[in-house]
Amino acid sequence: MTKRVALVTGCGKLDGLGAAIATTLADAGVSVAVTDIAPEGLRNAPGDAIGKRAPQGIAELGTRLRAKGVESECFLGDVSAEADAARLVKEAVDRFGRLDILVNNAAAPHGGEFNDIVDISLDAYDKVMNVNARGPFLMMRAAVPHMRNQKWGRIVNIGSVTGRVGRQRQAIYGASKAAVIQMTRCFATELGQDGINMNAVCPGRMMTSRAMS
């Protein structure tokens with residue numbers, strides 16, 4: 001079997017979900033392209049100092065993955081920017097020659113969206129929706145042609161339990177994750193005939209720096 005290649009977004013924090021997903025894939029023998037918007041990821045919250053995170057987290061992750069005997073490469077880009085999303089996929093395909101698995105894990109850091117409705121700015125709303133909902137759409141749109149050509153692909157979108165249940169002061173975050181869940185449902189019905197399997201995973205609270213911020 002041709003060796004599979006995965007692209008995982010949101011991997012800059014070594015104690016984050018993206019790094020754990022990339023490590024699990026590497027343990028299964030999959031070559032992994034890891035990405036983030038910055039080498040150490042973005043702050044989870046205003047009080048989360050950069051000093052609490054590895055300054056070159058994504059590079060360190062790449063080193064750890066290669067130590068497992070698999071190929072790995074690190075790329076930087078903003079998944080919510082159309083040009084960056086297309087470039088991230090192209091860089092992965094150019095480096096490995098194919099793309100089999102896409103994991104849309106990148107998520108906007110917590111901010112002003114966790115607030116009373118009258119205190120949520122449009123900027124806070126846009127930041128969350130752009131990264132959490134627009135980002136996975138752009139990444140999927142860029143990746144699907146490659147998967148269609150090889151008639152095989154796996155896309156995993158990271159949703160949240162908050163995208164399925166109502167929680168106080170989490171309406172915008174919940175709406176962004178609900179969008180991810182529904183996009184997954186709809187695109188799965190369209191892309192299954194092309195050999196592309198899609199799923200949304202909806203985790204609860206995990207012991208990462210994001211949850212502890």
**Message:** To the nearest 0.5 Å, what is the distance between CG on Asn132 and CD on Glu113?
**Reply:** 8.0 Å
**Message:** Hydrophobic clusters here meaning ILVMFWY residues chained together by side-chain heavy-atom distances under 4.5 Å, can you tell me if Met139 and Val103 are in one?
**Reply:** no
**Message:** Quick check against the 3.5 Å criterion: does Arg164 have a side-chain atom that pairs as donor or acceptor with the backbone of Ile181?
**Reply:** no
**Asked** So do Leu76 and Thr35 actually touch side chain to side chain, heavy atoms under 4.5 Å?
**Response** no
**Asked** Yes or no on side chain to side chain contact (heavy atoms under 4.5 Å, CB included) for Asn197 and Asn199, after CA distance, side-chain angles and deciding distance?
**Response** CA-CA 7 Å; Asn197 178 277; Asn199 285 283; 2.8 Å; yes
**Complete:** Residues passing the salt bridge (charged side-chain N to carboxylate O under 4.0 Å, His left out) test with Asp116, sequence neighbours excluded, are none
**Fill in**
All heavy atoms of Pro136 vs all of Asn157, minimum pair found to be CB-OD1, 4.4 Å
**Prompt:** Within a strict 4.5 Å, meaning less than it, do heavy atoms of the Asn115 and Arg169 side chains meet?
**Reply:** yes
**Asked** Can you tell me how far OG1 of Thr189 sits from CE of Met198, rounded to the nearest 0.5 angstrom?
**Response** 9.5 Å
**Request:** Examine the side chains of Arg134 and Ser80 and answer whether a donor and an acceptor come within less than 3.5 Å of each other.
**Result:** no
**Prompt:** Rounded to the nearest 0.5 Å, how far apart are CG of Leu14 and OG1 of Thr23?
**Reply:** 9.0 Å
**Item:** Side-chain donor or acceptor of Asn130 paired with backbone N/O of Asp126 under 3.5 Å
**Value:** yes
**Asked** Would you call the rings of Phe187 and Phe137 parallel, tilted or perpendicular, where under 30° means parallel and over 60° means perpendicular?
**Response** parallel
**Prompt:** Between Thr9 and Asn105, does a side chain to side chain donor-acceptor pair (under 3.5 Å) hold up when you go through it step by step?
**Reply:** CA-CA 5 Å; Thr9 66; Asn105 169 72; 5.4 Å; no
**Request:** Would you please test Leu191 and Met140 for side chain to side chain contact (heavy atoms under 4.5 Å, CB included) and show each step?
**Result:** CA-CA 11 Å; Leu191 300 175; Met140 288 189 288; over 6 Å; no
**Message:** Within the 3.5 Å criterion, strictly below it, is a donor on Ser121 or Asp123 matched to an acceptor on the partner's side chain?
**Reply:** no
**Message:** Would you say OH of Tyr125 has more than 12 non-hydrogen atoms from neighbouring residues, nucleotides or ligands within 6.0 angstrom?
**Reply:** no
**Asked** Are Leu138 and Phe75 linked, directly or through other ILVMFWY residues, by side chains that come within less than 4.5 angstrom of each other?
**Response** yes
**Prompt:** Any chain of hydrophobic side-chain contacts (each under 4.5 Å) joining Ile21 to Val156?
**Reply:** yes
**Request:** Could you give me the CA-CA distance, side-chain angles and deciding distance for Leu102 and Met147, then say whether side chain to side chain contact (heavy atoms under 4.5 Å, CB included) is met?
**Result:** CA-CA 10 Å; Leu102 170 65; Met147 295 179 176; 4.0 Å; yes
**Prompt:** Step by step, would you call Glu91 with Arg95 a salt bridge (Lys or Arg N to Asp or Glu O under 4.0 Å)?
**Reply:** CA-CA 6 Å; Glu91 287 178 335; Arg95 168 63 177 81; over 6 Å; no
**Message:** Is it the case that the side chain of Ser72 and the backbone of Val32 share a donor-acceptor pair, with hydrogens and angles ignored and the cut-off at 3.5 Å?
**Reply:** yes
**Prompt:** Nearest 0.5 Å, what's the NZ-OG distance between Lys3 and Ser31?
**Reply:** 4.0 Å
**Asked** What are the two closest heavy atoms between Val30 and Ile101, and how far apart are they?
**Response** CG1-CD1, 4.3 Å
**Prompt:** Roughly how far apart are Leu7 CG and Ile155 CD1, rounded to 0.5 Å?
**Reply:** 11.0 Å
**Prompt:** More than 12 foreign heavy atoms under 6.0 Å from CD of Glu82: is that the case here?
**Reply:** no
**Complete:** Between the NZ atom in Lys127 and the CD1 atom in Ile172, the distance rounded to the nearest 0.5 Å is 14.5 Å
**Message:** On a heavy-atom basis, which atom in Asp36 and which in Gly41 lie closest, and how many Å separate them?
**Reply:** OD2-CA, 3.7 Å
**Fill in**
In terms of heavy-atom contacts, Ala33 and Phe96 come closest through CB-CE1, 3.9 Å
**Asked** Where is the tightest heavy-atom contact between Ile158 and Val180, given as atom of each residue plus distance?
**Response** O-CG1, 4.2 Å
**Request:** For residues Ser176 and Ala133, report the shortest heavy-atom separation together with the two atoms involved.
**Result:** O-CB, 4.1 Å
**Request:** For Asp194, check salt bridge (charged side-chain N to carboxylate O under 4.0 Å, His left out) against everything at least two apart and list the hits.
**Result:** Arg148
**Cation-pi geometry met for Arg98 and Trp152 (6.0 Å, 45°)** = no
**Message:** For a 4.5 angstrom cut-off between non-hydrogen side-chain atoms, does Glu40 reach Ile58?
**Reply:** no
**Asked** Given Val165 and Arg167, is the side chain to side chain contact (heavy atoms under 4.5 Å, CB included) satisfied, shown in steps?
**Response** CA-CA 7 Å; Val165 299; Arg167 288 180 170 170; 4.1 Å; yes
**Asked** Is Asp84 reaching over with its side chain to a backbone N or O of Gly77, donor-acceptor style, under 3.5 angstrom?
**Response** no
